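All remarks here apply to the structure that follows.
When reading the values below, keep in mind they use all heavy atoms of this one structure, side chains included, and skip hydrogens, waters and symmetry mates. Keep in mind that what you see is a predicted model, and the values were worked out from it rather than measured. Letters A, B, ... mirror the listed sequences (proteins, then strands); counts begin at 1.
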Amino acid sequence: MEGYNHREIEEKWQEKWALDGIYKVPDTEAGKNNFYQLVEFSYPSGNLHTGHWYAFAVPDIFARYKRMQGLNVLYPMGFDAFGLPAENAAIKNGGDPAEWTERQMEAMRTQLRSMGASFDWSREVVTCAPEYYKWTQWMFNQFLKNDLVYRDITMVNWCPKDQTILANEQVVDGKCERCGTEVVQSEQQQWMLRITKYADRLVDDLDKLDWPEEIKSAQRNWIGRSEGSEITFKLSTDDTVSVFTTRADTLFGVTYIVFAPEHPLLEILPIENRDEVNAYVVATKKKQELERQQSKEKTGVQLKGITAINPANGEEVPVWIADYVLSGYGTGAVMGVPQHDERDREFAEKMGLAIVDRPLVDKKEITEKVGGKLVKTYRLRDWGISRQRYWGCPIPIVYDPEGKAHAVPDEHLPWLLPTDVDHTPDGTAPLARSKELLERTEKIFGAGWRPEVETMDTFVDSSWYFYRYLDNKNEATFASPEKMDTWMPVDLYMGGAEHTTMHLLYSRFWTKALHDLGLVKDSEAYKVRRNRGLILGPDGNKMSKSKGNVINPDEYVERLGADTVRMYLAFMGPYGVTVNYPWDPNGVVGVRRFLERVWKLKAKIDVEKKVCKTDPLVHKTIKGVGEDIDEFKFNTAIAKMMILLNALEKEEKIVLGSYKALLKLLSPFAPHIAEELWHELDETESIHLASWPTYNTDFLIEETVTLAVQVNGKVRGEITIAPDIAKEDIEAAALALPRVIAIVAGGQPKKIIVVPKKVVNIVF
RNA sequence: GCCGGUGUGGCGGAAUGGUAGACGCGAUCGACUCAAAAUCGAUUACUCGCAAGGGUGUGGAGGUUCGAGUCCUCUCUCCGGCACCA
C-alpha cells in the first residue's frame, strides 16, 4: 500500500464525484424526508479565503451526515454576483463588470470544488443573471402593486467615494462599510420598501423561531419598538403639536416642549426671534449626524412668543428647539420632563427651565383623558433600495413625459441592464449615460419616456435566492409552488453574525411580503439559524493584509490536503456559536497526523478476526459522534474518533467491521481519504452513498464501572465494581479502601451517598 | 447607559450537579539516527514532598448542596448589538 498522498486522491475523487453526479439532489426521493441546509452564498471575489472554508466546508460535514442518515439533503451554492467590486474593477482597469464577474465566478467554482463539498451545482443561482433578476424585478412589481414600494425624498447616507446611497446598516461608525469613507447626509429621492409595515411581525415572530437569543435580541434592538403615547399640545397660536412619549405617566411634570430643528411647524409659526431660530437651524444642518450624536452638549433656542398648553393641567409652558431631539423618531417633538428624564434635566438646568416634582399617574388613563392615543414607534426605517450604480439589478420603472413613474410591465422583464455604459464615475448614475436603455424605453413606451437609472441594493437580490435554488431553471415563475412545498422552510441556515440585522432581517421581511401576496406558504423562511464565529490569524487578530497574519487556505490544501483543512476547522471548537478561533499552524498538523494514522491502521485489518476488545468502544464512538454532530460539536466528534483510533492502534489486529465503521464516521469530515480507503477495501459504491453506521446497545452495557470514592466531598480513591452491585456492597467496598480507613480511623460515617456509576461520598 | 454573549492549563478547547482539564497543539525526557526531520514510547494544571501522600485550583465575593466550572445573589473583564430613540 502506498502512503497517504492527498494531492492524488483528492483530485481523483473530486472528478469522479462530479462525473457520477452523486450530489445531484432530486426534489423528492421515495422513502426519504427532505432536508434543506443553507449557507449564505458569497460574493464572487475570485479569492476563496479561510472564512469561506469555515462557512462552507464545515457545514458540509453536517450535510453529509444528514445524507448518510437517510435524508434527501439539499446543500446548494451560488453567487451574490451584483455589487460594487465588479464595477470598481471596471473603473480601475477598464472592461466589463459582467465579464469580470464571470471570471471571478469561474475561479471560485474551481476553488470551491477543492473543498470537496457536496454542493449540488446543477442548482447554482447567480443573482446577476437576467434569468434570475427577471424575478427580482417581477417581485418588485408585485410589491409596487401592493403598496410595499414607494418613492420618497429622504435624508440619505451618501458615500462620496462610491457615489452611492447607503442603508443605515451599511454605515459603520459614520463611515462607508465598504470603503471607509466618511458618509455624508444628503436629501435625495429614492425607491423605498415598506419594511416598517412589518416591524411588529418581525419582532413578534422571533418568539416562534429556534434561533439563538443573541440573534433575536440584536434584531429586536435594531427594530427598536417602543410603546408609548402620542399626546397633542395646543400652542398659543392655535396650532397644535404632537409629542411621543413612553412616559405619559409624567405628563404633569412637563415644563417645556422641544422641537427637532427640522420640525415642519417651525416654518409657519410666528416666531418673534425668527433670525436667531433660523441661524440655529442652519447651524444644525451643517453638523453631520455623527457630530451631532457625539457632542452631547445640550444646545437650543427658545421660540419667543410661542407657548404650549399642557392638556393635563392647562399649564402654559415655553417651546424650544434643540438638536437633541431627533426629527426621524417619534413625532420629532418631545415634552420636557426634567424631573424624570436625564436629558431633559440636563437641558433644563443649562437653559434655566423649571424642574417640578409632580405625582405620577396611570399611563393609559392619562393618555385617554387628554385625548391622546397609545402608539408604537420604531427605530427601524423603511428600506431605501436605490443605488446610483451600474452593476446592480435595474429598477424596472419608466417615467412618462410628465415625469410620472410607471412599472415596466411584466412582459418586458427582465428589464435588462444595458451594456453601453462608460464606467468612469462623474457623480451621476451610470445608466443615465446609456443610449441603449433610453432607446429601448422610447421604443417600447413612446417618445419622451425616460428610464429609471437607479439600480437596486444588492440586499434585494439576496432576499429571495433560497427559493430559486429549488427551481433555478423555471421560466414561468420564480419557483414552482410544488417544489417550494417539498423544501421550504429552510431546515438549517448557517451564516455570519454580520448579517444579523441586514440580510437576515431583509429576507425575513421579503418572505413575509411574499407570503402576504400569496406567493409563498410560510411567513418565516428559516426554521433554525446558527451564526458562526470568525477564524482569526495565528496572532489572535482578525486576518488582514496589513497585519500580515492572513492564512491562505490554498497553501494548506496543497501541503496537507483539503481533508485536513476541513477537519482542522471543525476541530477548533464548537460550530454555530459566535466565538472566534485563532488558526494554529501547528494544530492543523495534528489533524493531518490523525489522518495518516487512519491510513496506516488499514494494515492491521485481519479479515479472519471477528471480535476484538475494542468492539464496545466502536459502538460507543458511533453513538457519541452522531450525537455530537447533531449539536454542531464537530470538535468533540473528532476527539471521539481520535480516542477510537488510539485504542485500535494498540491492538495487534483489528476487525474489518471496526475499520469500516471508523471510515464511515470519518467520511463527512474527510470525504476524500475516507472514499479512497473505502474503495481499497474492495467496496465499489461511494462511501458517501452509504448509510450512517448504527450501534448495538448490547455493546454499550459496561461490565465494570469505576466509581470515585470521596470523603467529605474530596476524592480519596476509586473502586471498580460490577455496575449492578447492591448499594450496601458499594458502601462496604468504599469503606474498605485503605486510604478511607486511614481517614475515617474507626469513626462512624454520618451518611454515605451512592450515585450509581459515578461516585460514593462518605460524609464523616 | 440598555440588551445579548463570554471568562477553565503555556495554547485551541472537554466536562446530563458527581473523579475538572477529554482530544489536539506545544513543551520535557527516552527509543530509532552519524545527526536532524519524521515516527514511536513516557511525562506534562499549580504547589509542598526523596517518596508515600498532602494542599490549592474553572475572573472575584457570598450562598444552596453530601458534592458546584455547572444552580442562586452580588460583582468584575472582554466581545457583540443599540444608544441624546424621549
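Distances were taken from every side-chain heavy atom of A/Ala708 (C-beta onward) to each of B/U19, B/U56, B/C84; the shortest belongs to B/U19.
Among the heavy atoms of the strands, none lies under 4.0 Å from A/Arg220.
The distance between the ring centers of A/Trp583 and A/Tyr556 falls below 6.0 angstrom. Between A/Phe594 and A/Phe571, the distance separating the two ring centers is not shorter than 6.0 angstrom. For an aromatic pair to be called close, the ring centres must be under 6.0 Å apart, and A/Trp383 with A/Phe459 fails this.
Rounded to whole Å, the separation between the P atoms of B/C84 and B/A20 comes to 50 Å. Rounded to whole Å, the separation between the C1' atoms of B/G41 and B/G59 comes to 38 Å. Separating the C1' atom of B/G21 from that of B/G26 is a span of 16 Å, rounded to the nearest Å.
Pairing for B/A61 goes to B/U73, judged as Watson-Crick or G-U wobble with the two contacts each under 3.5 Å. Across all strands shown, B/C2 forms a Watson-Crick or G-U wobble pair, both distances under 3.5 Å, with B/G81. Look at B/G67: it lacks any Watson-Crick or wobble partner with both distances under 3.5 angstrom. The pairing partner recorded for B/A51 is none, the criterion being a Watson-Crick or G-U wobble arrangement whose two distances lie under 3.5 angstrom. In this structure B/U28 sits in a base pair with B/A42, meeting the Watson-Crick or G-U test at under 3.5 Å.
Phosphate contact (OP1/OP2 of B/C40, side-chain N/O of A/Arg593, threshold under 4.0 Å): absent. The side chain of A/Asn646 contributes an N or O atom lying less than 4.0 Å from OP1 or OP2 of B/G24.
Among the candidates A/Thr250, A/Asp249, A/Thr245, the single residue satisfying the side-chain hydrogen bond (donor to acceptor under 3.5 Å, both in side chains) test with A/Arg247 is A/Asp249. The one candidate from A/Lys216, A/Gln219, A/Arg225 that meets the side chain to side chain contact (heavy atoms under 4.5 Å, CB included) condition with A/Val203 is A/Arg225.
For A/Asn761 and B/C66, a side-chain-to-base donor-acceptor distance below 3.5 Å is present, hydrogens and geometry of angles not being considered.
For A/Lys364, the NZ atom sits in a loose shell: 12 or fewer heavy atoms of surrounding residues, nucleotides or ligands are nearer than 6.0 Å. Around NZ of A/Lys604, the count of heavy atoms belonging to other residues, nucleotides or ligands within 6.0 Å exceeds 12. Counting heavy atoms of neighbouring residues, nucleotides and ligands inside a 6.0 Å radius, atom NZ of A/Lys653 exceeds 12 of them.
For the contact set between residues 626-643 of chain A and RNA chain B, defined by any heavy atom under 4.0 Å, the members are A/Lys633, A/Asn635, A/Thr636, A/Ala639, A/Met642, A/Ile643.
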In B/S/- notation (B base, S sugar-phosphate only, - none; protein heavy atoms under 4.0 Å), nucleotides 41-53 of chain B written 5' to 3' is -------------
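Note on A/Glu40 versus A/Arg529: salt bridge recorded, some NZ/NE/NH1/NH2 to OD/OE distance being below 4.0 Å.
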